[in-house]
2 protein chains.
Amino acid sequence: MDKQEQILLAALKLFVEFGFHGTPTSKIAQEAGVSNGTLFHYYKTKDELVVALYVYIKTNLSECFNISQADGETVRATFKRLYLGWMYWALENPVEFKFTQQFNSSPYQSMLSNEAIQNQTQRLISLMQEAINTRVLKPLPVELLFTLISSHLYGINEYLLASNPAAEKKDEIINQSFDILWDMIT
Amino acid sequence: MDKQEQILLAALKLFVEFGFHGTPTSKIAQEAGVSNGTLFHYYKTKDELVVALYVYIKTNLSECFNISQADGETVRATFKRLYLGWMYWALENPVEFKFTQQFNSSPYQSMLSNEAIQNQTQRLISLMQEAINTRVLKPLPVELLFTLISSHLYGINEYLLASNPAAEKKDEIINQSFDILWDMIT
DNA sequence: ATTCAGATTGACTAATCACTCCACAAAAAT
DNA sequence: ATTTTTGTGGAGTGATTAGTCAATCTGAAT
């Protein structure tokens, strides 16, 4: 019974349902089954809690797949593995994914200065840069490529969550959308 | 000196900087140069103000360009016109654009039941459906196409705001990104 | 057994919040 | 000229909030 984690999970649930502003710390403590004081024992401020939750979720996500090219793996296979890994994580964890979106387009975004998370993005970027150098990917600015890929993924995810097709149909759309993406960037 | 508009503009500025939760109505009134009472005279609740601001901005946006195929205009030209119109609006009105993003991924989203705005989306959708029927666009579900296009646009916009290239370079990237998009969907 | 550091509680507080109310001013309608 | 409606201000209110604090509990080390 890790109270710290219970608090994060309670906060996640309430933030996504009612927004940051709409969920008082007292409700978070209540939902987590701990006292007000305990919450502030672990997180000095509400802001700190919000940022900690973001880091927690992003860390979970990063443990789902390994950002590097495995031996004998083609560039396309690496990209597909990462794309699918991220996509299925987002589909299986819609609340977490929604939270990251809310966070990213909020003023809290600028309060984030977490080395580990920025490092992770950096590894994706250099993987892409390498693929540009070996002329596998189009010679576009690497950040532009990164943006194209992630916004593509966000879009498909949103569509799948909204239309909620059968599992097979879903897999088909995801594979199809990766092909479209790959055509776009190579 | 339209106080109603002053309130909306003040709210826009503060919401984007501090978030919905981080800006009290008293600060909005202060920034707008009106009294607390005046604010609540025009908007019964804070929620109502937030939604009114969204409708206000979306209405302004929709006045920037006309969602329909002009006489003698190719489908590609129509789509490019709309894409560029939206993109340049977003680049020239970053605060407004940021606000719409914040709003769309917030719980306020569900409080929106504005006919005019939903109608507008519907017109875009049917424009796309027609292009699918005439086999100009790929035979994908129309909502998927819509999502692909708008997330593409969001992504490029984010990239341009972050990297802030020279005006010519910017135009080049936008044109290039439309070509990429067009290849992707046809 | 005693000590001690961290965990946990919940009542408490000072500040802040959304929103009200009423007095009055300006304008519009009669 | 008089009434009515609408706009405006700003002090005021009760509820709510983030965050504090002193008291107790727990469990491990000595």
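Residue numbering restarts at 1 for every chain, and letters A, B, ... go by the order of the sequence lines.
For the 3.5 Å distance criterion, the side chains of B:T59 and B:S62 fail to qualify, holding no donor opposite an acceptor. A donor-acceptor contact under 3.5 angstrom links the side chains of A:T78 and A:E73, judged on distance only. The closest side-chain donor-acceptor pair between A:Q6 and A:D2, if any, does not fall under 3.5 angstrom. Side-chain atoms of A:Y88 and A:D171 include a donor-acceptor pair closer than 3.5 Å.
In plain terms, the two heavy atoms of B:K138 and B:L145 that are nearest each other are O-CD1, 4.0 Å.
Applying the ring-ring contact (aromatic ring centres under 6.0 Å, His included) rule to pairs touching residues 144-167 of chain B yields B:F97-B:Y154, sequence neighbours excluded. Pairs passing the ring-ring contact (aromatic ring centres under 6.0 Å, His included) check and including a residue from residues 32-60 of chain A, sequence neighbours excluded, read A:Y54-A:F103.
Of the candidates D:dG19, C:dC19, C:dT8, the closest approach to any side-chain atom of B:T45 belongs to C:dC19.
For the helix from C:dA1-D:dT30 to C:dT30-D:dA1, the rotation axes defined at the first and last 5 base pairs enclose an angle of 10°, given to the nearest 10°.
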Return a table of donor-acceptor pairs under 3.5 angstrom between the side chains of residues 12-31 of chain B and protein atoms on other chains or two or more places apart.
residue, atom, partner, partner atom, Å
B:K13, NZ, B:E31, OE2, 3.1
B:H21, NE2, A:Y108, OH, 3.0

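Considering CD1 of A:I156 and CD1 of A:I173, their distance stands at 8.0 Å, rounded to 0.5 Å. The OG1 atom of B:T147 sits 11.0 Å away from the CG atom of B:L140 when rounded to the nearest 0.5 Å.
Regarding B:L49, its CG atom lies at a distance of 15 Å from the C1' atom of C:dC17, rounded to whole Å. Residue A:E5 contributes atom CD, which lies 17 Å from atom C1' of C:dA7 at whole-angstrom precision. Distance A:Q4 CD to C:dG6 P: 14 Å, rounded to the nearest Å. The NZ atom of A:K46 sits 15 Å away from the P atom of D:dT16 (whole-angstrom rounding).
The phosphate of C:dT9 has OP1 or OP2 within less than 4.0 Å of a side-chain N or O from A:S35. A sub-4.0 Å separation between OP1 or OP2 of D:dG9 and a side-chain N or O of B:K3 is present.
In the region residues 8-29 of chain A, proximity to DNA chain C at under 4.0 angstrom, judged on heavy atoms, holds for none of the residues. Applying a 4.0 Å cut-off to non-hydrogen atoms, the residues of residues 36-44 of chain A that approach DNA chain C are A:G37, A:T38, A:H41, A:Y42, listed by residue number.
Not a single donor-acceptor pair under 3.5 Å links the side chain of A:N157 to the backbone N or O of A:L153.
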